[in-house]
Structures are given as C-alpha cells and as structure tokens.
> 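Below are the structure tokens for one structure; questions will follow.
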Amino acid sequence: MSYNVIPSTPAVAPNLQGQAELEPSARSKNKAADQPRLKVRDTSSRADTSAIQGSLKETLKQHSAPRTLVRVDQRAVEEFLLKGKISLEEINFDKHAAYYKHASMIITSDATDKFFLLHCLVALYVSAPEASHPKAMGTDWLDDQNERWGDDLMFLFEHTKQVDELNSAGKQYFLNALLEKAGLQYRDKNSEDDLKQALFQAKHRMPAMEDHSA
C-alpha cells in the first residue's frame with residue numbers, strides 16, 4: 001500500500017522483567033513530556049496483569065487503571081515493523097520505548113490489519129508535542145498539548161475495530177488525517193473531534209470499483 005515506508009528497527013531495552021509500567025491518568029505539570037495524560041474511561045478496579053489479552057478495547061480499559069503492566073515484546077514488534085516496512089526514524093528516540101509499549105498492545109490484539117494500525121501509531125508518535133517547541137516555554141502550552149495528544153492516542157485504541165475494518169481507501173484517508181497532524185506539530189482544542197470526523201469520512205471512502213449499487 002502507499003503508506004509503506006523504509007524499515008527501521010532501533011534498539012530499546014525494556015526493564016529486567018520485560019514490562020513497561022503505564023502511568024496513571026492524572027494530569028501533572030511535573031510529568032515527563034513523553035508521557036501525556038490519557039483520559040480515564042474506567043478506573044473502577046485494579047487490573048490483573050494476567051488478564052491483559054484479547055481485544056484492544058479490553059486492554060485499553062486496563063491501560064486506564066492504576067499501575068497496570070503491559071507485556072512489552074520488543075522483538076515481536078520489530079518483526080512486524082520489518083515485515084510492514086515501517087520506520088520509527090521520524091519519532092524522537094526518547095519516545096521509542098513508549099511506542100513499543102503501545103505497539104505490543106496492537107500486535108497481541110485480534111485486529112486483522114495490524115500493520116496499518118502500527119502505521120497509524122507511528123503517525124501519532126511523530127506528532128507528539130516536543131519540549132523544544134517555541135511555545136513550550138508557556139506555562140500550560142506543553143501540558144495542554146500532551147493532554148490533547150493523549151486524547152488522540154486514546155481515540156485510536158477506543159476505535160481500533162472501526163479503523164481496522166475500513167477499506168483501503170478509507171484507511172488511506174484516515175492515515176492522511178493523522179499525518180496532517182504530524183505535519184502541524186500542534187493540536188487545537190478540537191483535535192479529538194477532528195479524528196471523529198476523519199473516521200466518519202473514512203467510512204464513506206468507497207473505491208469506485210466497489211460502488212455498483214444504484
């Protein structure tokens with residue numbers, strides 16, 4: 001497909017247990033810029049690490065819970081990146097470990113087009129806000145941008161099934177919407193609504209050869 005790029009497999013070492021801890025979904029001005037706030041959808045109970053399997057939707061519910069652990073399989077992710085000709089070169093190196101964490105959630109899901117979802121994840125990580133941005137010196141700018149980026153990341157996981165089921169034209173349309181954000185390096189307050197609209201439009205991007213009904 002047209003979204004394929006040159007392969008790259010940078011080395012990122014997980015901790016001794018091969019796991020990465022997901023941060024609680026609480027906004028803090030002291031947190032690192034590469035760990036944005038994700039909206040808490042369900043914090044009713046502490047997740048059992050042995051239950052992290054199945055669909056991305058279930059995994060994401062656990063992702064929102066305090067101190068949930070996700071099994072990071074860097075080697076498996078790298079194999080997918082190589083086969084899918086997916087490069088991480090445009091993602092800042094300090095964010096590679098986080099990418100592997102979320103990519104591990106994708107490759108262990110029941111999605112049918114995991115390569116496309118990994119491409120989408122790359123586009124999102126390329127668009128992650130940077131502390132080097134001129135406006136990052138402002139009191140709340142970087143924190144707000146991290147929160148909005150986290151909302152977009154959450155949107156991808158919450159709507160994985162719908163994104164996965166898009167036809168080729170719809171997938172390209174949705175990926176282009178993510179790449180557009182990567183080009184801007186900025187998100188306004190309606191960023192999540194932009195993705196909702198992009199997904200809606202993508203669902204109606206039917207190739208001409210598939211549309212023969214009157």
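Note that the structure is predicted; figures quoted are calculated from it, not measured.
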> Between Val72 and Lys101, what is the shortest heavy-atom contact and its length?
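Minimum heavy-atom contact is CG2-CA, 3.9 Å.
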> Taking His119 for the side chain and Leu175 for the main chain, is one N or O donor matched with an acceptor at less than 3.5 Å?
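Pair absent, no side-chain N/O of His119 close to backbone of Leu175.
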> Are Leu179 and Val126 packed together at the side-chain level, in the sense that at least one heavy-atom pair is separated by less than 4.5 angstrom?
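SC-SC contact between Leu179 and Val126 ruled out.
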> How far apart are the closest heavy atoms of Ala103 and Leu118, and which atoms are they?
CB-CD2, 3.6 Å
> Testing Asn167, Leu166, Val163 one by one against Lys203 for a side chain to side chain contact (heavy atoms under 4.5 Å, CB included), which residue passes?
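Single side chain to side chain contact (heavy atoms under 4.5 Å, CB included) partner of Lys203 among Asn167, Leu166, Val163: Leu166.
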> Any sub-3.5 Å donor-acceptor pair from Trp149's side-chain atoms to Leu124's backbone N or O?
yes
> Side chain to side chain donor-acceptor pair (under 3.5 Å), that's the test. Do Asp164 and Thr112 meet it? Break it down for me.
CA-CA 7 Å; Asp164 185 41; Thr112 58; 3.0 Å; yes
> Is there a donor-acceptor pair under 3.5 Å between the side chain of Asn92 and the backbone N or O of Lys95?
no
> Starting from the C-alpha separation in whole Å, work towards a yes-or-no answer on side-chain contact (heavy atoms from CB on, under 4.5 Å) for Ile106 and Val77.
CA-CA 9 Å; Ile106 288 176; Val77 170; over 6 Å; no
> Of the non-hydrogen atoms in Lys114 and Ile107, which two are nearest, and what is the gap between them?
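Shortest heavy-atom contact: NZ-O, 2.9 Å.
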> Step by step, would you call Phe80 with Leu82 a side-chain contact (heavy atoms from CB on, under 4.5 Å)?
CA-CA 5 Å; Phe80 269 87; Leu82 183 62; over 6 Å; no
> Picking from Asp152, Asp194, Asp151, Asp193, what satisfies salt bridge (charged side-chain N to carboxylate O under 4.0 Å, His left out) with Arg187?
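One option only clears the test, and that one is Asp152.
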> Once you measure the plane-to-plane angle for Phe200 and His204, does it fall in the parallel (<30°), tilted (30-60°) or perpendicular (>60°) bin?
tilted
> Under a 4.5 Å cut-off applied to non-hydrogen side-chain atoms, are Phe155 and Leu153 in contact?
no
> Rounded to the nearest 0.5 Å, how far does CZ of Phe115 lie from SG of Cys120?
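Taking SG in Cys120 and CZ in Phe115, the distance rounds to 14.0 Å.
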> Can you tell me if His96 uses its side chain to pair, donor with acceptor, with the backbone of Leu88 under 3.5 Å?
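Between the backbone of Leu88 and the side chain of His96 there is a qualifying donor-acceptor contact (under 3.5 Å).
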> Within the 4.5 Å heavy-atom criterion, are Leu199 and Tyr173 side-chain neighbours or not?
no
> Is it true that Tyr125 and Glu90 share a donor-acceptor pair across their side chains at a distance under 3.5 Å?
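There is no such pair between these side chains.
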> Would you check if the side chain of Ser104 reaches a backbone N or O of Asp73 as a donor-acceptor pair within less than 3.5 Å?
yes
> Just do the side-chain contact (heavy atoms from CB on, under 4.5 Å) check on Leu156 and Phe174 with the steps written out, would you?
CA-CA 11 Å; Leu156 176 64; Phe174 186 75; 4.3 Å; yes
> Just checking, is any N or O donor in the side chain of Asn176 or Glu180 under 3.5 Å from an acceptor N or O on the other one?
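Not at all, the side chains of Asn176 and Glu180 share no donor-acceptor pair under 3.5 Å.
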> Can we say Asp110 and Lys161 salt-bridge, meaning some charged N sits less than 4.0 Å from an Asp/Glu carboxylate O?
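No, this pair does not count.
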> When you measure from the side chain of Lys181 to the backbone N and O of Ser127, does any donor-acceptor pair fall under 3.5 Å?
no
